[in-house]
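The structure appears below as structure tokens.
Read the numbers this way: they start at 1 and go in the same order the structure lists the ligands and their atoms. Predicted model only: the values in this text are computed from it and were never measured.
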Amino acid sequence: MGFENILTEVRGTGARQTGLITLNRPKQLNALNDALMDELGAALKAFDADAAIGCIVITGSEKAFAAGADIAAMAKFSLTDTYGADFITRNWETIRSVRKPVIAAVAGFALGGGCELAMMCDFIIAADTAKFGQPEIKLGIIPGAGGTQRLPRAVGKAKAMDMVLTSRMMDAAEAERAGLVSRVVPLAELMGVALAAADSINELSGISVMMAKESVNRAFEGTLADGIMFERRLFHTLFATEDQKEGMDAFLNKRKAAFKQR
Ligand code: CAA
């Protein structure tokens with residue numbers, strides 16, 4: 001895949017591997033413009049469609065995961081450019097349609113659209129240098145890629161309001177305490193830990209992994225009763241797979257499961 005604003009690699013040596021996407025506009029701290037987001041969408045789609053890929057990791061640089069939507073690109077936008085062209089939605093929605101797990105490995109700034117992009121991933125592993133924030137209010141706008149909705153779900157109303165209204169950043173330790181990130185690790189260990197998490201997912205039955213992701217995401221839509229029923233039906237469905245027979249047989253026979261992805 002030949003891209004100008006991101007780098008893509010396949011990592012891992014197992015039967016299924018990890019698609020690694022590195023945001024790569026270092027001079028602009030990985031500010032997210034249309035070209036980058038189109039490339040990110042294309043890379044995500046390609047990895048999602050590739051049977052050899054079990055999991056995707058998105059990362060940035062040591063200084064910035066991403067410092068937000070590209071302010072230079074947006075500065076002169078009119079209502080016609082934003083509402084008329086459905087700005088943000090047009091090329092930001094792809095990540096939400098990816099069915100395989102997507103892990104964000106975040107070091108440095110994850111601000112505005114960068115924080116929103118990280119929150120669109122399934123979970124965030126942060127370096128101890130990570131800083132999260134929704135500073136759009138300082139630009140006379142508000143978050144436009146889900147920040148006002150996903151941040152309160154992740155950290156609760158008080159902290160979300162504090163961040164969105166005052167634009168203050170949260171460091172990695174606070175982000176972990178608040179539930180925004182799943183783990184904080186030293187910067188030097190970030191990629192190793194994120195890729196190891198991906199590897200552990202790659203070894204599993206991909207169909208159960210996809211259903212697990214779909215079911216957890218249901219927790220944020222609709223009622224608890226609907227979500228419980230949705231989960232139960234997916235749970236029932238997994239008993240139609242060979243991988244369920246293999247996983248349970250392996251447990252009972254005290255051996256490692258060898259999933260066949262069917
Ligand atoms: N868009 C475009 N360019 C950006 C950018 C962004 N979001 N963030 C940083 N840059 C550029 C800077 O303009 C600068 O470029 P030059 O070298 O050409 O001057 C370069 O990246 C380095 O940035 P700084 O010199 O500012 O670096 P710093 O270390 O002093 O500060 C920072 C780092 C605190 C992240 C600061 O750059 C900053 O505040 N950036 C903007 C953050 C922001 O407001 N994000 C929200 C954007 S709006 C949005 O995202 C809407 C949405 O919901 C989708």
Side-chain angles (χ1 to χ4, degrees), residues 4-7 21-41 44 58-98 102 104-121 124 126-155 157 159-175 180-181 187 190 220:
E4 290 176 6
N5 300 284
I6 61 171
L7 306 170
I21 301 173
T22 304
L23 308 179
N24 190 34
R25 293 185 77 209
K27 284 190 190 137
Q28 295 84 9
L29 304 185
N30 293 330
L32 305 165
N33 62 6
D34 277 352
L36 187 153
M37 292 308 295
D38 284 347
E39 291 182 6
L40 178 61
L44 287 167
I58 302 178
T59 194
S61 69
E62 287 193 3
K63 172 141 193 202
F65 176 74
D70 191 320
I71 301 168
M74 287 186 298
K76 296 223 159 49
F77 275 2
S78 66
L79 179 66
T80 314
D81 297 320
T82 54
Y83 183 80
D86 212 2
F87 174 59
I88 298 288
T89 312
R90 183 178 77 85
N91 56 9
W92 287 64
E93 293 287 302
T94 311
I95 188 164
R96 295 180 48 213
S97 65
V98 173
V102 184
V106 175
F109 296 110
L111 302 180
C115 185
E116 292 167 305
L117 177 63
M119 289 192 290
M120 284 182 209
C121 297
I124 302 171
D128 48 11
T129 61
K131 282 188 170 20
F132 298 87
Q134 297 288 163
E136 288 90 343
I137 207 83
K138 282 200 294 192
L139 300 169
I141 57 170
I142 65 169
T148 64
Q149 305 304 301
R150 290 196 179 91
L151 192 60
R153 282 168 169 79
V155 305
K157 177 183 167 186
K159 278 187 187 288
M161 280 289 192
D162 184 1
M163 290 170 74
V164 169
L165 295 180
T166 72
S167 80
R168 93 168 166 90
M169 292 184 214
M170 219 182 229
D171 66 15
E174 184 180 5
L180 179 60
V181 312
L187 174 62
L190 177 66
F220 302 102

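- Within 6.0 Å of CD on Glu62 lie no more than 12 heavy atoms contributed by other residues, nucleotides or ligands.
- Shortest contact from atom 4 (C) of ligand 1 to any protein heavy atom: Gln28 O, 3.8 Å.
- Protein heavy atom closest to atom 35 (C) of ligand 1, with residue, atom name and distance, is Leu111 CD1, 3.6 Å.
- Under the 4.0 angstrom criterion, atom 29 (O) of ligand 1 counts as having a protein heavy-atom contact.
- Counting all heavy atoms, side chain and backbone alike, Gly113 lies closest to Glu136 at N-OE2, 3.8 Å.
- With respect to Leu117, the side-chain contact (heavy atoms from CB on, under 4.5 Å) criterion is satisfied by exactly one of Leu40, Val106, Asn30: Leu40.
- The two residues Arg150 and Ala145 have their closest heavy-atom pair at NH1-O, 3.7 Å.
- When each atom of ligand 1 is checked for a heavy atom of Leu139 under 4.0 Å away, the hits are 44 (O), 47 (C), 48 (S).
- Nearest to atom 14 (C) of ligand 1 by heavy atom, out of Lys27, Arg25, Met37, is Lys27.
- Distance check on atom 7 (N) of ligand 1: some protein heavy atom falls below the 4.0 Å cut-off.
- Proximity of Gln134 to ligand 1, defined as any heavy-atom pair under 4.0 Å, is not found for any part of the residue.
- Atoms of ligand 1 lying under 4.0 Å from any heavy atom of Leu29, numbered from 1 in the order shown and given with element: 9 (C), 21 (O), 22 (C), 23 (O), 27 (O), 33 (C), 35 (C), 37 (O).
- At a 4.0 Å cut-off, not a single heavy atom of Lys138 sits close enough to ligand 1 to count as contact.
- Remark: ligand 1 atoms within the under-4.0 Å shell around heavy atoms of Gly112 are 46 (C), 50 (O).
- For a threshold of 3.5 Å applied to N or O pairs, the pair formed by Ala31 and ligand 1 contains no separation below that value.
- The Ile88 neighbourhood of ligand 1 comprises atoms 54 (C), with distances under 4.0 Å to a heavy atom of that residue.
- Set against the non-hydrogen atoms of Met74, the atoms of ligand 1 under 4.0 Å away are 48 (S).
- Looking only at side-chain heavy atoms (C-beta outward), Leu180 and Met119 come within less than 4.5 Å of each other.
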**OP:** Kindly determine whether Ile58 and Leu44 satisfy side chain to side chain contact (heavy atoms under 4.5 Å, CB included), including the steps that lead there.
**Re:** CA-CA 9 Å; Ile58 302 178; Leu44 287 167; 4.2 Å; yes

**OP:** Quick one: do Met170 and Val155 satisfy side chain to side chain contact (heavy atoms under 4.5 Å, CB included)? Show the steps, please.
**Re:** CA-CA 11 Å; Met170 219 182 229; Val155 305; 4.2 Å; yes

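- Here the side chain of Ser167 pairs no donor or acceptor atom with the backbone of Met163 at under 3.5 angstrom.
- Salt bridge annotation for Glu174-Arg168: present, with a cationic side-chain nitrogen under 4.0 angstrom from a carboxylate oxygen.
- By the definition of a contact as any protein heavy atom under 4.0 Å away, atom 26 (O) of ligand 1 is not in contact.
- In the candidate list Ala69, Ala75, Gly144, Ala145, Ala69 is nearest to atom 49 (C) of ligand 1, counting heavy atoms.
- When distances from atom 1 (N) of ligand 1 to the protein are checked, a heavy atom turns up under 4.0 Å.
- Close approach of ligand 1 to Pro143 is summarised as follows: ligand atoms under 4.0 Å from at least one heavy atom of the residue are 53 (O).
- Among all heavy-atom pairs drawn from Val181 and Ala172, the shortest one is CG2-O, 4.4 Å.
- In this structure, the side chains of Arg25 and Asn33 come closer than 4.5 Å at one or more pairs of heavy atoms.
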**OP:** In sequence, state the C-alpha distance, the side-chain angles, and the governing distance for Phe220 and Gln149, and then conclude on side chain to side chain contact (heavy atoms under 4.5 Å, CB included).
**Re:** CA-CA 10 Å; Phe220 302 102; Gln149 305 304 301; over 6 Å; no

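- Near Lys63, meaning under 4.0 Å from any of its heavy atoms, are these atoms of ligand 1: 27 (O), 28 (P), 29 (O).
- Residue Glu116 approaches ligand 1 through these ligand atoms, each under 4.0 Å from one of its heavy atoms: 52 (C), 53 (O), 54 (C).
- The residue from Leu32, Asp34, Leu36 that alone fulfils the side-chain contact (heavy atoms from CB on, under 4.5 Å) condition with Asn91 is Asp34.
- Contacts with ligand 1 closer than 4.0 Å are made by side-chain heavy atoms of Pro135 only, the backbone lying farther away.
- Here's the thing with Trp92: none of its N/O atoms is less than 3.5 angstrom from an N/O atom of ligand 1.
- Side-chain contact between Val102 and Ile21 is absent, with no heavy-atom pair separated by less than 4.5 Å.
- Shown here, atom 19 (O) of ligand 1 is out of close reach of the protein: none of its heavy atoms lies under 4.0 Å off.
- The nearest protein heavy atom to atom 54 (C) of ligand 1 is closer than 4.0 Å.
- Close N/O approach between Gly113 and ligand 1 is found [any backbone or side-chain N/O within under 3.5 Å].
- Atom 37 (O) of ligand 1 is approached by the protein to below 4.0 angstrom, counting heavy atoms only.
- Backbone and side-chain nitrogen or oxygen atoms of Ala67 are examined, and one is located within less than 3.5 angstrom of a nitrogen or oxygen of ligand 1.
- Closest heavy-atom contact between Phe132 and Ile124: CZ-CG2, 4.1 Å.
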